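This report concerns only the one structure given below.
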Amino acid sequence: MGSSTEAPPPATPATTTTTPTIDIQNPSLNTKADPDEITLDSILKHIGQFGRFQLVIFLLICLPMMFHAMFSVTYVFTAGTVVHRCNITECDGPDSRYEEPWTEYSIPKNGKDMDRCNRYENAQLSSWNQSQDICTLDNYNSQKIESCPNNEFVFYNEEITISNDFGIYCDDEWKLSLVGTINNLGQFFGIPLGGLVADRYGRSFSIALGGTLGAILGIVRSFSPSYVWFLIFEFLDNMTSSTLYSTCFVIGIELVGPKRRVLACSVITIFYAVGEVALAMFAKTFLNWRSLLQIAYGPSFILVAYFWILPESVRWLLSVGKEERAKNILRKAATVNKRKLSESVLDKLVIANQEKLQQSEESKFPIREAFKNFKWRIANCSLCWIVHVLVYYGLSLNVVLLDGDKYNNFAFIALVEIPGFFLPLLIMDRFGRRYSLCGLMLLSGICCIGTIFVAGDENVWQLVLFLIGKLTITASFQVLYFFASEIFPTNLRNSLLSFCSMMGRFGSMLAPQTPLLAKYYSNAPAILFACAAIFSGLLTLFFPETTNLVLPTTLKEADAIGVKKKPSQGKELNLSA
């Protein structure tokens, strides 16, 4: 996949005036190593860009990715509105079903369904003798509607959410929508905190910590005695576990060679959709929200073992000067991949890395310098993230064509994303990151506009446009993750990626409100999504291109992305010597 010629790495810092010669056979003769000659990417190419060692780690990473999908969207089912109707006291008994003959004339219609909170007044109820049958059409006045007395309801099935567990109905149903807002608030605060932890203490540590805390808080939340406690643990759960997606993505992209990044990370993100499908099936099987949380969160306690079994990112270890640990992991990778790796080459890598860090004249965590140097890059990335989250979730929340079983519909929507995860494989290396991102966003925006002009009875074409729009925004989101991982330096990659993702939470907070726009103009949500996607898509053309470039380690290297440099004339190294 992709071009066979790799683009040259970022320019060497200006302070380097000569190119030292590296003697592979006699390391003691080398006092300096040129970072352009010995790079981690060149070693990864030799030991295998996606060999057995990387495959094992990717399988480990897929588990927290799948768990995160379930953690982040459980509120769709735990805080969902249960289907119910008024209990018609003069007609219903303990064994009454949701649909009974008297519901046809005792309960008003709300579209195709029965009204959940109102009933028709029975004119004879005040003088009712229980020996009489007053459940007849003539006794109900369709001109007078009253609320359900004493909040007594008959439910469609045995589903139990916090709605009927904590008595949240009708005028109080805004409390159910608030759960989604609290969920995203937790992610808003948790994503940047998790990014800081990942950049300061390591990628594997962040995954193990976030997954373990999320598992604990999720199980505790299943025992919530009240609505308030449920909200508190909803917030804490998502604050601690929200960093799993971005950290798994970063450790995956830092692990493999440049020509396997797209394939490897596409495989990782598929498991996010797998997690969503699994959650839908669990929710369909376990109708009690407490049981659902316990089933969804229980297996994630396995992530405690990740403190010991998940190897750390070699790039992160090098960026913080922990060269010995990095060398040990590379030795193990070469052994597992059945490749030979010279100790002298590892020594050259360490020397090159030390010189690179010294020449960078940066602190190990130069967050202030990053916001100063990359303010426009960060701003553009943040806006792009907001738009992606808005359109991604907005399309899901505004779909009106997928009728039927809500659990199956949720699973279908998740399955549509899988082709979107693989689409970047076909286009990213062929057309580049910028043009792929721009084109996909424009296509998604055009699909949103197209739904406005398709006649209301053309359900097939509306469905096709919806699916294409969802597929392309999913693929675009995938490209954005790659882009954001490649335009920022290693020592700040997780922090800046998490910052942009945090800003995206504004889009996820806005998305649930977009259906309200339809009350004023039915096509308003589609116009909003289209305008946002097209505008942000055009702005992506101002990003630097990163296709097949070496991942930047320092601020200077990240700043040099997009700056043309003459290709190196040096000979290829024999890394197994």
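Computed from a predicted model, the values in this text were never measured in an experiment.
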Counting C-beta onward and ignoring hydrogens, is there a side-chain heavy-atom pair between Y120 and I107 closer than 4.5 Å? no
D92/R97 salt bridge by N-O under 4.0 Å criterion: no
Would you check if the side chain of S436 reaches a backbone N or O of R433 as a donor-acceptor pair within less than 3.5 Å? no
With the side chain counted from C-beta on, respond yes when T540 and F483 share a heavy-atom pair under 4.5 Å apart, and no when they do not. no
Please test F307 against F205 for ring-ring contact (aromatic ring centres under 6.0 Å, His included), starting from the C-alpha separation and ending with a verdict. CA-CA 6 Å; F307 282 110; F205 177 83; 5.7 Å; yes
Partners meeting disulfide (SG to SG under 2.5 Å) with C448 (sequence neighbours left out): none
Should we count CZ of F155 as having more than 12 external heavy atoms under 6.0 Å? yes
Can you measure from CD1 (I88) to OH (Y105) and round to the nearest 0.5 angstrom? 10.5 Å
Using a 3.5 Å distance criterion without hydrogens, assess whether the side chain of T247 forms a donor-acceptor pair with backbone atoms of L244. no
Backbone N/O of L440 and side chain of S444: donor-acceptor pair under 3.5 Å: no
Nearest heavy-atom neighbours spanning A69 and V73: O-CG2, 3.0 Å
Classify the angle between the aromatic ring planes of W385 and Y481 as parallel (below 30°), tilted (30 to 60°) or perpendicular (above 60°). perpendicular
Residue pair F77 / A283: nearest heavy atoms and the distance that separates them: CG-CB, 3.7 Å
Any donor-acceptor pair under 3.5 Å linking the side chain of Y75 with the backbone of G80? no
Main chain of R203, side chain of S206: is a donor-acceptor contact present, judged purely on distance under 3.5 Å? no
Distance under 6.0 Å and angle within 45° of the ring axis: does K470 meet both against Y392? yes
Side chains of S222 and Q294: is there a donor and an acceptor less than 3.5 Å apart? yes
Does L539, at its CG atom, have more than 12 non-hydrogen atoms belonging to other residues, nucleotides or ligands within less than 6.0 Å? yes
Please step through side-chain contact (heavy atoms from CB on, under 4.5 Å) for the pair Y156 and V82, ending with a clear verdict. CA-CA 8 Å; Y156 178 74; V82 291; over 6 Å; no
Examine the side chains of H68 and S241 and answer whether a donor and an acceptor come within less than 3.5 Å of each other. no
Here's one to test your reading of the geometry: is the NZ or CZ of R221 within 45 degrees of the ring axis of F230 and under 6.0 Å from its centre? yes
Closer than 3.5 angstrom, by distance alone: can the side chain of S536 be matched with the main-chain N or O of A532 as a donor-acceptor pair? no
Distance (rounded to the nearest 0.5 Å) between S476 OG and L437 CG: 4.5 Å
Expected list for residues 166-174: side-chain donor-acceptor pairs under 3.5 angstrom, two or more places apart:
| unit_1 | atom_1 | unit_2 | atom_2 | d |
| --- | --- | --- | --- | --- |
| E173 | OE2 | C170 | N | 3.4 |

Looking at CZ of F506 and CG of L390, how far apart are the two atoms once the value is rounded to the nearest 0.5 Å? 13.0 Å
Judged by atom type as modelled, is there a donor-acceptor pair below 3.5 Å linking the side chain of T161 to the main-chain atoms of S163? yes
Between N288 (side chain only) and R290 (backbone N and O only), is there a donor and an acceptor less than 3.5 Å apart? yes
Using side-chain contact (heavy atoms from CB on, under 4.5 Å) as the criterion, list what pairs up with L193, not counting sequence neighbours. none
Side-chain donor or acceptor of D237 paired with backbone N/O of I232 under 3.5 Å: no
Can you tell me if the gamma sulfurs of C91 and C135 fall under 2.5 Å? yes
Kindly indicate whether the side chain of E417, heavy atoms from C-beta on, has any atom under 4.5 Å from the side chain of E276. yes
Check the orientation of F153 and H84. Use parallel for under 30°, tilted for 30 to 60°, and perpendicular for over 60°. perpendicular
Are Y272 and S72 close enough, and set up right, to give a side chain to side chain donor-acceptor pair (under 3.5 Å), and what steps lead you there? CA-CA 10 Å; Y272 187 89; S72 61; 3.3 Å; yes
Give a yes or no on whether F535 atom CZ has more than 12 heavy-atom contacts from other residues, nucleotides or ligands under 6.0 Å away. no
